[in-house]
Amino acid sequence: MMADHGNPCSAEDATYCMNGGTCYKISSMDTLSCVCNPNYKGSRCEQFQLGVTQPISNEAGLIAAVIVITLVILMVLGFIVYYIRKMLKAKEQRQQNHNQEYWKVQSRA
């Protein structure tokens, strides 16, 4: 640890780090540094950080892509169903008009 963070702080500087952080003196910069305990951050370990679990970014991207693709497929299917119903309704209307003309009695004028 000494190679990573410097030499341990003296007894009078040991209280520099808050919340149980470990104090080290970086001799090349003549400054104090802290190694914080889990759930703490900041230059002196002064900020409490709640542990957050989040899905891996790749999984989140994959989930978003699947949702988008599913929505696009549903929209395309909706348009296909709408167009087919519209065509069937037009065909039914043409047949109905044709049947009405077929049974019309022509006047003898």
Side-chain angles (χ1 to χ4, degrees):
M1 259 195 173
M2 291 171 67
D4 293 336
H5 304 290
N7 299 321
C9 292
S10 64
E12 63 184 43
D13 293 331
T15 59
Y16 176 77
C17 299
M18 301 176 185
N19 300 310
T22 306
C23 180
Y24 290 93
K25 184 167 189 157
I26 302 173
S27 56
S28 62
M29 297 174 50
D30 195 33
T31 185
L32 301 177
S33 176
C34 296
V35 175
C36 302
N37 288 330
N39 296 332
Y40 289 96
K41 67 178 187 172
S43 61
R44 297 181 63 192
C45 305
E46 72 275 11
Q47 299 172 355
F48 180 71
Q49 180 179 358
L50 291 174
V52 177
T53 59
Q54 58 186 16
I56 299 172
S57 62
N58 293 341
E59 289 179 14
L62 179 64
I63 291 169
V66 168
I67 290 172
V68 168
I69 290 171
T70 302
L71 289 174
V72 168
I73 289 171
L74 287 174
M75 287 175 54
V76 168
L77 287 175
F79 283 121
I80 290 172
V81 168
Y82 170 77
Y83 185 72
I84 289 172
R85 286 182 51 90
K86 186 176 176 181
M87 286 178 30
L88 291 174
K89 191 172 183 178
K91 182 178 178 182
E92 184 180 303
Q93 186 69 30
R94 282 193 306 268
Q95 284 179 344
Q96 198 173 34
N97 288 344
H98 178 67
N99 288 342
Q100 285 176 353
E101 290 175 11
Y102 182 76
W103 292 104
K104 242 183 207 178
V105 177
Q106 298 291 330
S107 63
R108 295 183 184 185

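What's counted below: heavy atoms across the whole structure, side chains too, no hydrogens, waters or symmetry copies. Because the structure is predicted, anything quoted here is derived from the model rather than measured.
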- Task: Measure across G21 and C45 and return the closest heavy-atom pair with its distance rounded to 0.1 Å.
- Result: CA-SG, 4.0 Å
- Got a sec: does the CZ of F79 have more than 12 other heavy atoms crowding it under 6.0 Å? no
- Query: Same cluster or not: are I63 and L71 linked, directly or through other Ile, Leu, Val, Met, Phe, Trp or Tyr residues, by side-chain heavy atoms under 4.5 angstrom apart?
  - Reply: yes
- Item | same_hphob_cluster(V76, I84) at 4.5 Å side-chain heavy-atom cutoff | yes
- Measure the CD-NZ distance between Q47 and K41 for me, rounded to the nearest 0.5 Å. 5.5 Å
- Note on the structure: For V66 and T70 the tightest heavy-atom approach is O-OG1, 2.7 Å
- Note on the structure: d(L62 CG, I67 CD1) to nearest 0.5 Å is 10.0 Å
- Message: Within this structure, what is the CG-CG distance for the pair N39 and L50, rounded to the nearest 0.5 Å?
- Response: 7.5 Å
- Cluster question for you: counting only ILVMFWY and a side-chain heavy-atom cut-off of under 4.5 Å, with indirect links fine, are Y83 and M75 together? no
- Write down the atom of S33, the atom of C17, and the distance for their closest heavy-atom approach. O-SG, 4.0 Å
- Message: Rounded at 0.5 Å granularity, tell me how far OG1 in T31 sits from NZ in K25.
- Response: 9.0 Å
- CD of Q93 to CD of Q95, rounded to nearest 0.5 Å, is 10.5 Å
- Item | Backbone of C34 reached by a side-chain donor or acceptor of R44 within 3.5 Å | no
- Item | Stepwise disulfide bond (SG atoms under 2.5 Å apart) check, C23 with C9 | CA-CA 6 Å; C23 180; C9 292; 1.9 Å; yes
- Item | Main-chain N/O of N37 paired with N19 side-chain donor or acceptor, under 3.5 Å | no
